[in-house]
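The first residue of the sequence shown is numbered 1, and numbering continues consecutively from there. Treat the numbers as computed from the prediction; the structure is a model and nothing was measured.
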Amino acid sequence: MNQVNDRQATCLLLVILSGWALTMTAENGRDGWIVVLLASLLILPVAALCCLPSEQLPCTRWYALPDAVFGKGFGTAYLCALTVLAFWSLCMTVLSGVIFLRTVSGGQWYVWLLTVAILLCAAAAAQNGVTRLVLWTEPVVWLVIAALAISLLLSLRQMDWNALFPVMENGWQGTPMRVYLLLSIPFGEVFFAAAALGGTGTQTRVGLLRACILAGVLLCLLYIRNICLLGPDGANAVLYPSYTAASVLEFGKSFQRGEALISGSLIVCTVARAALLLDFLSGCSQAVTARCTQKRGVWLFAVIAGILCSLCAGSNDAFANAQQLYQLLLLPFVLIAAAALAIGVMVKKKSR
């Protein structure tokens, strides 16, 4: 099996976390950039906890650990519960991309066509396993960073820095809850990256921690850009502040479509996030039943998610409610799952 180094782990997770900028809102007001930075720092111990089981047994794939630690019955139940959670995340990922594309295109594209396009690209990227997926994200991360960096640089001339003041006008009221929600989405999904990379290398924890910090800085800069370009009220009044902020850039006749630059790169991030989740779902299904291969599992879950998303993408309210519930439940689920497996692995290793 090819080893995944820390640099490749950074590329994978950075691409996935950067995609959240596509649907990032400004509901946290002018102080939201502080919330983003706090979340990116507080996720570091959580990420380290998620990596701990594989660090104890670096030669064993993560998907084999639950059965070894909890036994066949409880191990299967553990993986099945995580499969439900990951499939929920996959549907949220695909639907967020579909709703964004339909919104900015004025509803000109069919829901089923956008769903198929996203899942087809994601399944093709995930069908050969996570070691191939990280090779795909290595060049992609530079394209994403370049697109976001260009968008930020073009914004400097029009940014009103006074829109950031006064800082923390209302104190810390409500900040813990806002940080919690960001810890859950997008940063809590570091769990899926740590699991998929578990057993493929011994230095992935360093890469994942680095990706969380870099993503936090990048999202923070985008949030500041949105506030300074649109104002706190203006950024909060639109569904997609990053897209809207890029669309108002003025850089002469040679640069008229700034929103295409940022939206195109971040749709790629959405595909990468869906590909990681498909790989995780396939790994769980292989651990539960020996009849399921990597490709079969990836395409099976892609087809099921495609059917479900095509049926549910018409209701934005239902999506918002499902997204809010997912954001509330993901972090405690991840913490319990990661802690239980880490403790079980260490106890098992000590008993041996």
Side-chain angles (χ1 to χ4, degrees), residues 4-25 32-33 36-37 39-41 43-44 47 93 96-97 100-101 104 118 121-122 125 130 132-159 182 185-187 189-190 192-193 196-197 203-229 240-249 251 255 257-276:
V4 176
N5 56 43
D6 61 332
R7 177 177 53 82
Q8 292 172 326
T10 299
C11 293
L12 175 65
L13 186 59
L14 184 56
V15 169
I16 291 167
L17 294 180
S18 298
W20 186 71
L22 186 71
T23 55
M24 180 172 62
T25 64
W33 63 275
V36 174
L37 279 183
S40 67
L41 294 176
I43 198 61
L44 297 181
T93 300
S96 65
F100 169 77
L101 289 173
V104 300
I118 292 175
C121 294
V130 71
R132 293 292 183 89
L133 180 59
V134 296
L135 296 178
W136 177 75
T137 56
E138 278 190 281
V140 168
V141 72
W142 295 110
L143 296 176
V144 171
I145 292 177
L148 296 180
I150 292 173
S151 176
L152 288 169
L153 290 174
L154 294 178
S155 306
L156 291 177
R157 186 169 57 91
Q158 298 173 235
M159 290 172 62
L182 282 182
I185 295 179
F187 293 104
E189 292 186 346
V190 66
F192 299 119
L197 294 172
Q203 299 178 336
T204 55
R205 178 176 64 165
V206 176
L208 295 180
L209 296 180
R210 185 191 300 136
C212 290
I213 295 175
L214 292 176
V217 172
L218 184 62
L219 293 173
C220 175
L221 291 175
L222 284 172
Y223 196 101
I224 291 175
R225 190 279 302 272
N226 297 342
I227 294 294
C228 291
L229 269 183
Y240 304 110
S242 297
Y243 178 87
T244 304
S247 67
V248 300
L249 292 178
F251 197 66
F255 192 87
R257 300 295 295 177
E259 67 273 23
L261 181 67
I262 189 171
S263 60
S265 61
L266 295 180
I267 283 294
V268 176
C269 297
T270 301
V271 172
R273 180 183 171 194
L276 174 67

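If you take CG on Leu148 and CG on Leu153, they are separated by 11.0 Å, rounding to the nearest 0.5 Å. Between Ile118 atom CD1 and Ser96 atom OG the span is 7.5 Å, to the nearest 0.5 Å. If you take OG on Ser151 and OH on Tyr243, they are separated by 12.0 Å, rounding to the nearest 0.5 Å. In this structure, Arg7 CZ and Glu138 CD are separated by 4.5 Å, a value rounded to the nearest 0.5 Å. With rounding to the nearest 0.5 angstrom, the OG1 atom of Thr93 is 9.5 Å from the CG atom of Leu276. Remark: Thr270 OG1 to Ile16 CD1 distance equals 10.5 Å, nearest 0.5 Å.
Among all heavy-atom pairs drawn from Ile267 and Phe100, the shortest one is CD1-CD2, 4.1 Å. Closest approach of Leu17 to Pro186, counting heavy atoms only: CD2-O, 3.5 Å. Here the closest heavy-atom approach between residue Gly216 and residue Val36 is recorded as O-CG1, 3.6 Å. Heavy-atom minimum distance, Leu222 versus Ala21: CD1-CB, 3.5 Å. In this structure, Ala39 and Leu182 approach most closely via the heavy-atom pair CB-CB, 3.7 Å. Taking all atoms of both residues into account, the shortest heavy-atom contact from Val4 to Gln8 is CA-OE1, 3.4 Å.
Only one option out of Leu14, Leu12, Val268 pairs with Val141 in a side chain to side chain contact (heavy atoms under 4.5 Å, CB included); it is Leu14.
Side-chain atoms of Tyr240 and Leu266, non-hydrogen and from C-beta on, never get closer than 4.5 Å to each other. Here the side chains of Leu219 and Trp20 are in contact, with some heavy-atom distance below 4.5 Å. With a 4.5 Å cut-off on side-chain heavy atoms, Ser242 and Asn226 count as touching. Using a 4.5 Å heavy-atom cutoff, the side chains of Leu13 and Cys212 are in contact. Residues Leu197 and Leu208 are in side-chain contact: their nearest non-hydrogen atoms beyond the backbone lie under 4.5 Å apart. Contact check for Leu152 versus Leu156: no side-chain heavy atoms found under the 4.5 Å cut-off.
Checking side-chain atoms of Ser18 against main-chain N and O of Val15 turns up no donor-acceptor pair under 3.5 Å.
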